[in-house]
Amino acid sequence: MDVEADVIVIGSGPAGLTAALHAHESGARNVLLLEREEELGGILKQCIHNGFGLEQFKKDYTGPEYAERLIEELEKTNVQCFLNTMVVSLSPDRTITAVSPEKGVFHIKSRSVVLAMGCRERPRSSINIPGTRPAGVYTAGVAQRFVNIDGYLPGKEVVILGSGDIGLIMARRLTLEGARVKGVYEIMDYPGGLKRNIVQCLNDFDIPLYLSHTVTEIQGKERVEGVVVSKVDQKMNSISGSEQSIPCDTLLLSVGLIPENELSKEAGVELTPITKGPVTTETMETRVPGIFSCGNVSTVFDLVDYVAETGMIAAGNAARFAAGDWKKGRNPVEIIPGENVRMLFPQRYSFKDDLILFVRSAKPIEKPVNIELSPLGMRLKRLYARPNEMIRFKVSRDKLKAVTGPIEVSITER
Amino acid sequence: MNVEKKHFTCVICPLGCEIDVELQNGKVVSMEGNKCQKGEEFVSQELEEAMRILTTTVSIKGAKWAMLPVRTDKPIPKRLLSKVIEQLATIELHAPVRMYHVIVKGIAGTDANVVATRNMKKVNHPKNAKKDLISRKEG
Ligand code: SF4
């Protein structure tokens with residue numbers, strides 16, 4: 001073995017930075033952070049807008065500030081960071097094969113591993129828009145990188161498909177840089193992004209948001225010359241006769257993010273269709289012992305604070321595992337989505353810690369709701385439930401002691 | 001009498017109340033939809049002068065990247081956002097720059113400063129040596 005470690009963290013975005021720092025703070029001696037790019041920080045470096053760390057640090061940081069704060073903390077520790085290092089394989093016995101310009105191909109054996117690879121954007125090919133293949137179609141995150149890091153403006157007349165947060169943020173960013181954003185088109189009948197982004201990124205600049213609309217054709221040979229948008233019915237089929245042609249030179253796609261789990265799969269980590277990430281318990285341990293998962297590789301979170309929180313939990317437990325302080329304990333029980341729950345994380349409970357549960361509603365309910373945990377008979381009250389706002393809550397270990405079978409979580413109107 | 005209706009979405013908390021306001025000669029005569037007092041304060045501030053934090057970039061030479069992210073250190077009037085962006089487009093910085101280094105003091109006559117939001121080192125082979133970099137004005 002070329003290198004040995006107690007805890008290896010793969011990826012240095014908000015989840016990985018927090019995890020590396022917290023693994024160190026939890027007593028792991030030999031912590032190694034692997035990053036495939038030439039700098040730490042992951043996606044934070046291009047997210048130059050504010051709104052980061054409101055809950056975690058009670059500060060309104062921009063993405064880069066948030067990253068620098070964690071990086072400065074990390075520099076005070078003996079955590080080793082390998083940059084330009086691409087992990088090419090991970091085996092169930094926690095051996096990593098990686099490659100970097102300095103070291104070539106090398107192997108690392110670690111007592112525990114924290115997966116923090118984050119997510120990637122859904123590309124055009126995953127949404128099947130007919131038409132030509134001209135230049136000028138970008139995912140919102142790629143456009144964000146062009147503008148904020150490389151200094152390129154991707155176009156002058158822009159249509160945005162999908163109302164995810166990055167799309168909304170880019171609508172504002174491009175407008176401020178002098179482009180004209182003609183509209184944001186969302187196939188669902190509710191917006192994908194957070195309300196504060198709808199207000200501060202669209203309403204502030206009079207950018208229209210069209211719900212129940214989608215792009216049905218891309219026009220132009222060399223470069224995008226326009227798109228055709230259509231209304232959709234409740235089954236999300238486009239309504240014929242509602243087509244409208246919109247001249248533009250750029251189409252941005254903000255149609256969702258997918259956890260990046262190629263490495264997890266290779267290590268034999270079981271994934272779930274509920275999150276498209278690894279099945280984990282409240283400790284963030286996957287079904288492969290000693291491999292933990294956190295942040296957007298687990299499930300796509302709305303807030304960086306949640307990403308960091310799962311990073312802390314994963315790292316604390318990975319450090320414990322590495323120290324040999326990891327008891328088998330009771331057999332985990334399943335946590336399953338019930339009525340009106342589209343997403344839930346984690347999916348198992350192993351009786352080791354308090355349970356921090358993240359839930360996403362399947363449809364918007366603008367009325368007071370109960371979030372019910374059965375058969376616990378537990379009810380949490382909320383004023384509303386929206387698919388674009390994850391619900392987070394904590395259930396103490398004491399309350400869960402008596403559970404013997406699966407826990408079902410449902411959201412019902414009060 | 002000059003009667004006007006306006007709509008606001010309060011962003012003080014995640015609830016995001018939809019607030020309808022009726023104005024007579026610029027004065028609020030009724031407000032509906034806010035679930036708490038803070039919503040009222042939010043609307044008055046929006047009516048008086050909407051304030052926003054501006055985050056953007058400034059071009060930088062001698063660094064690994066072409067652009068340095070910056071922000072105003074406090075909210076500035078929303079109506080000044082484009083003016084500030086234009087003013088910042090004329091600036092060119094040179095690496096290295098430290099986070100929170102003040103780039104423009106009292107931007108556009110406000111008491112807000114524009115500050116760097118990250119550290120950026122000087123490098124020997126900067127990536128922005130590219131000739132084809134489209135300037136923002138040409139778009
Ligand atoms: S009015 Fe009050 S409750 Fe409603 S969004 Fe504003 S702060 Fe929240």
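Every heavy atom of this structure was used, including side-chain atoms; hydrogens, water molecules and symmetry mates were not. A, B, ... follow the sequence lines: proteins, then strands. Residue 1 opens every chain.
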As an exercise, state the distance from CZ of A:Arg196 to SG of B:Cys13, rounded to the nearest 0.5 Å. 12.0 Å

Give the interface residues of residues 94-104 of chain B toward chain A, defined by a heavy-atom separation under 4.5 Å. B:Arg98, B:Met99, B:Tyr100

Using non-hydrogen atoms and a 4.5 Å limit, figure out which bit of A:Leu176 sits close to chain B: side chain, backbone, both or neither. both

Counting C-beta onward and ignoring hydrogens, is there a side-chain heavy-atom pair between A:Asn148 and B:Met67 closer than 4.5 Å? no

Please check if atom CD in B:Glu32 has more than 12 non-hydrogen atoms from other residues, nucleotides or ligands closer than 6.0 Å. no

Search all heavy atoms of A:Glu177 against all heavy atoms of B:Thr57 and return the closest pair with its distance. OE2-OG1, 4.4 Å

So which residue, B:Leu15, B:Thr9, B:Ile85, ends up with the most heavy-atom pairs under 4.5 Å with chain A? B:Leu15

Output the distance between atom NE2 (B:His7) and atom CG (A:Asn203), rounded to the nearest 0.5 Å. 8.0 Å

Using the rule given for side chain to side chain contact (heavy atoms under 4.5 Å, CB included), can you reason through A:Lys195 versus B:Val11, listing the C-alpha separation, both sets of side-chain angles and the distance that settles it, and then say yes or no? CA-CA 7 Å; A:Lys195 209 155 188 173; B:Val11 288; 5.7 Å; no

Quick one: are A:Arg173 and B:Thr56 in side-chain contact, heavy atoms under 4.5 Å? yes

Heavy-atom distance under 4.5 Å between the side chains of A:Glu366 and B:Glu18, does that happen here? no

d(B:Leu81 CG, A:Arg172 CZ) to nearest 0.5 Å is 9.0 Å

What is the distance from atom CD1 of A:Ile149 to atom CG of B:Leu68, rounded to the nearest 0.5 Å? 11.0 Å

Side chain, backbone, both or neither: which part of A:Glu389 has a heavy atom under 4.5 Å from chain B? side chain

Find the distance between CG (A:Asn50) and CD1 (B:Ile53) and round it off to the nearest 0.5 Å. 5.5 Å

Using only non-hydrogen atoms and a strict under-4.5 angstrom cutoff, which residues of residues 112-120 of chain B touch chain A? B:Thr117, B:Arg118, B:Asn119

Would you please say whether a donor-acceptor pair under 3.5 Å links the side chains of B:Trp65 and A:Gln46? no

Sub-4.5 Å side-chain heavy-atom contact between A:His49 and B:Arg71: no

Correct closest heavy-atom pair for B:Arg52 and A:Asp204 would be NE-OD2, 2.5 Å

Part of A:Tyr66 within contact of chain B (heavy atom distance under 4.5 Å): neither

